[in-house]
Amino acid sequence: MSKIGLHWFRYGLRLHDNPPLLKAIKTCSKVIPLYILDTDYFKPDKVGINRIGFLLDTLKALDSDLRAKGSRLFVAQGNPNEVIRNLIQEHKVELLSFERDTEPYNKHMDNNIIETAKSLNVETFPLWGHTMFDPEYLLEMSNGKAPLTMTSFLTLMSETGDPPKPLDPPESMPSPIDNLKCKDVFVYEGIPTLSDLKGFNFDPKDYTTWFVAGEKEAIKKMTEFLAQKHRVSTFEKPKTLPTALQPDTTALSPYITRGSLSSRLFYHSLKDTLKGMQSSKPPVSLKGQLYWREMAYLIGFSVPNFNQMEGNPICKQIPWLTGEEAKSLLEKWEMGQTGYPAVDAVMNQLRTEGWMHHLARHLVACYLTRGDLWVTWELGRDVFDKHLVDADWSINNFSWHWLSCSAFFHQYFRCYSPVAFFKKTDPNGNYIKKHVPILAKFPDKYIYEPWTAPKGIQTACGCIIGKDYPKPMVDHKFVSKENMDRMKKAYDAGKAKAKNSGEPPAKKLKQNKLGKYAKK
DNA sequence: GAACGCGTTGTGCGA
DNA sequence: TTCGCACAACGCGTT
């Protein structure tokens with residue numbers, strides 16, 4: 001047990017429930033805890049300051065938690081495969097542990113790194129940890145085809161039972177090495193701040209999210225939420241408020257996504273909390289929310305080209321705007337300049353806080369795509385991915401499919417109104433007044449449609465529509481109807497194509513539920 | 001094998 | 001004010 005191990009932190013930026021980290025600790029006398037900032041993954045022009053800032057804060061918290069256990073975190077920057085190859089050789093590493101991932105880019109990276117380690121005679125432990133279940137197991141249980149409806153996913157969950165229990169954090173950490181110096185590898189001194197970041201050009205004063213990062217904070221937030229037993233047992237997602245000034249949901253998504261909180265820990269803590277109580281049921285309950293996440297990950301893991309329309313077998317082919325015209329519409333949407341205060345408020349909250357309520361995301365995603373602007377969901381997805389502190393490849397792609405009626409959900413005549421939708425929960429427009437402050441003085445009567453306010457009132461409110469705040473870029477009542485026609489045509493064209501393609505319908509696979517995962 | 005029921009979260013109208 | 005309904009659907013599972 002005099003081995004030197006390298007633990008590469010991926011999403012699992014935590015000490016609790018971290019199977020590959022525990023493996024390294026058990027097997028090695030020295031463990032190098034490493035995070036690699038992969039700038040091919042976090043492309044500087046595609047990632048915003050709140051998202052990266054929250055990640056750096058998470059790393060800082062992890063470093064501090066590791067130091068409390070006798071270790072520390074190293075942060076390198078570069079291509080993970082090259083960084084790991086160089087470090088293995090430089091520091092005579094004999095064991096490599098890391099959390100496997102489901103995203104195509106990371107899956108490819110994992111395979112390369114496993115090959116690299118093999119070629120250097122290094123033992124590797126790539127283990128699952130970011131989802132509740134091993135996705136390969138779930139896929140095999142589903143006969144190789146991920147369930148595409150919540151109903152069928154719930155059937156799968158009834159067959160798997162509870163996910164494994166979360167693992168405890170290690171009591172202490174083996175000592176790290178003194179320094180990670182290595183020619184050909186860029187290693188930061190300590191944990192980088194926003195202004196330290198090589199290749200990015202951030203002004204720290206633009207880091208405005210209110211979320212406090214880290215595992216301790218995540219567990220504290222979870223514990224506080226679960227202590228509200230009535231709220232937990234009666235939780236129904238569709239009934240929570242998108243316009244609340246403080247989150248009306250758990251707001252744990254940034255912690256689960258960045259790996260500060262294990263989904264298995266949340267699942268089992270929730271189960272313990274609700275023991276012996278009546279409670280709401282999936283898919284609307286809190287457990288249901290974990291199931292939605294798990295389902296999105298399984299689909300992202302198994303559906304080819306899930307992050308694009310082309311070559312994506314479950315995505316309806318809809319002739320969205322994609323070129324320069326789309327980009328100019330997209331920019332107004334991203335910057336909160338659509339002229340619909342509800343939409344602009346949500347987009348402003350996205351850019352400043354890095355988080356919005358789920359239904360607020362629905363409103364703006366519908367507006368950008370099938371509702372109003374007819375811009376491709378891929379571009380909207382990128383904007384969310386850039387700004388969200390809970391940016392999550394699988395869930396983000398899943399949700400944009402859903403909202404644009406490209407997969408999973410098809411009732412395109414159920415269209416969110418940028419005027420009516422928020423009025424139901426916020427008739428006075430307090431949410432708008434907070435996030436679009438230039439409209440703060442408008443009377444409630446006009447807050448959702450400020451362009452209808454008489455000129456005298458606009459002057460008195462210090463905001464002339466068309467000058468200080470834009471007029472609506474489209475007439476929702478008109479374009480939403482027009483877009484429903486387009487959706488109908490796109491669906492019909494898809495049906496005709498399927499009929500003429502002569503392809504036989506996919507045969508059902510023979511039942512083979514257990515395979516290599518059969519209980520012995 | 002055809003028919004039927006159902007699905008996390010819409011809107012606007014008329015009774 | 002509240003409720004039921006129509007409006008341009010699809011895929012999956014059950015009967």
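These numbers were taken from a predicted model, which means no experiment stands behind them. Proteins come first, then strands; the chains are lettered A, B, ... in the order of their sequence lines, and each starts at number 1.
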Whole-Å distance separating the [atom1] atom of [X] from the [atom2] atom of [N]:
X: A:Trp402; N: B:dT9; atom1: CH2; atom2: P; result: 7 Å
X: A:Ile314; N: C:dC10; atom1: CD1; atom2: P; result: 16 Å
X: A:His410; N: B:dT9; atom1: NE2; atom2: P; result: 13 Å
X: A:Glu482; N: C:dC7; atom1: CD; atom2: P; result: 21 Å
X: A:Gln411; N: B:dT9; atom1: CD; atom2: P; result: 8 Å

By the 4.0 Å heavy-atom rule, please label [X] as base, sugar-phosphate, or nothing.
X: A:Lys489; answer: nothing
X: A:Met150; answer: sugar-phosphate
X: A:Phe408; answer: nothing
X: A:Lys423; answer: nothing
X: A:Tyr412; answer: base

What interatomic distance, in whole Å, is found between [atom1] of [M] and the corresponding atom of [N]?
N: B:dG5; M: C:dA6; atom1: P; value: 15 Å
N: B:dT9; M: C:dT1; atom1: C1'; value: 23 Å
N: C:dA8; M: B:dG7; atom1: P; value: 22 Å
N: B:dC6; M: C:dA9; atom1: C1'; value: 13 Å

So does A:Arg264 pair up with A:Asp17, basic N to acidic O under 4.0 Å?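 Yes, A:Arg264 and A:Asp17 are salt-bridged.
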Does this structure show an ion pair linking A:Asp110 with A:Arg10, if we count only N-O contacts that are shorter than 4.0 Å?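 The answer is yes: the pair qualifies as a salt bridge.
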Below 4.0 angstrom from OP1 or OP2 of [N], is there any side-chain N or O of [X]?
X: A:Lys316; N: C:dG11; result: yes
X: A:Lys488; N: C:dC7; result: no
X: A:Arg414; N: B:dT11; result: no
X: A:Lys145; N: C:dC12; result: yes
X: A:Lys481; N: C:dA8; result: no

A:Pro283 has a side chain; which of C:dA8, B:dT8, C:dA9 sits nearest to it? B:dT8
How do A:His476 and A:Val284 order along DNA chain B: which one's closest nucleotide is nearer the 5' end?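 The residue whose closest nucleotide sits nearer the 5' end is A:Val284.
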Please answer whether B:dT8 and A:Trp292 are stacked, defined here as ring centres separated by less than 5.5 Å and planes angled under 30°. yes
Per the O4'-C1'-N9-C4 / O4'-C1'-N1-C2 angle with a 90° window around 0, C:dA6 comes out anti
Checking side-chain polar atoms at under 3.5 Å, does A:Thr322 have a donor or acceptor matched by the opposite partner on A:Thr376?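 There is no such pair between these side chains.
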For residues A:Asn312 and A:His401, is any side-chain donor paired with an opposing acceptor at under 3.5 Å?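 Yes, side-chain donor-acceptor contact under 3.5 Å.
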Matching residue for A:Tyr367 among A:Tyr340, A:Tyr416, A:Trp377, A:Phe422 - test: ring-ring contact (aromatic ring centres under 6.0 Å, His included):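 Result for ring-ring contact (aromatic ring centres under 6.0 Å, His included) with A:Tyr367: A:Tyr340.
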Base partner of B:dT9, which must satisfy Watson-Crick or wobble distances under 3.5 Å: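 For B:dT9, the partner nucleotide comes out as none, under the 3.5 Å rule.
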Do the side chain of A:Asp392 and the main chain of A:Ile395 share a donor and acceptor less than 3.5 angstrom apart?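 Yes.
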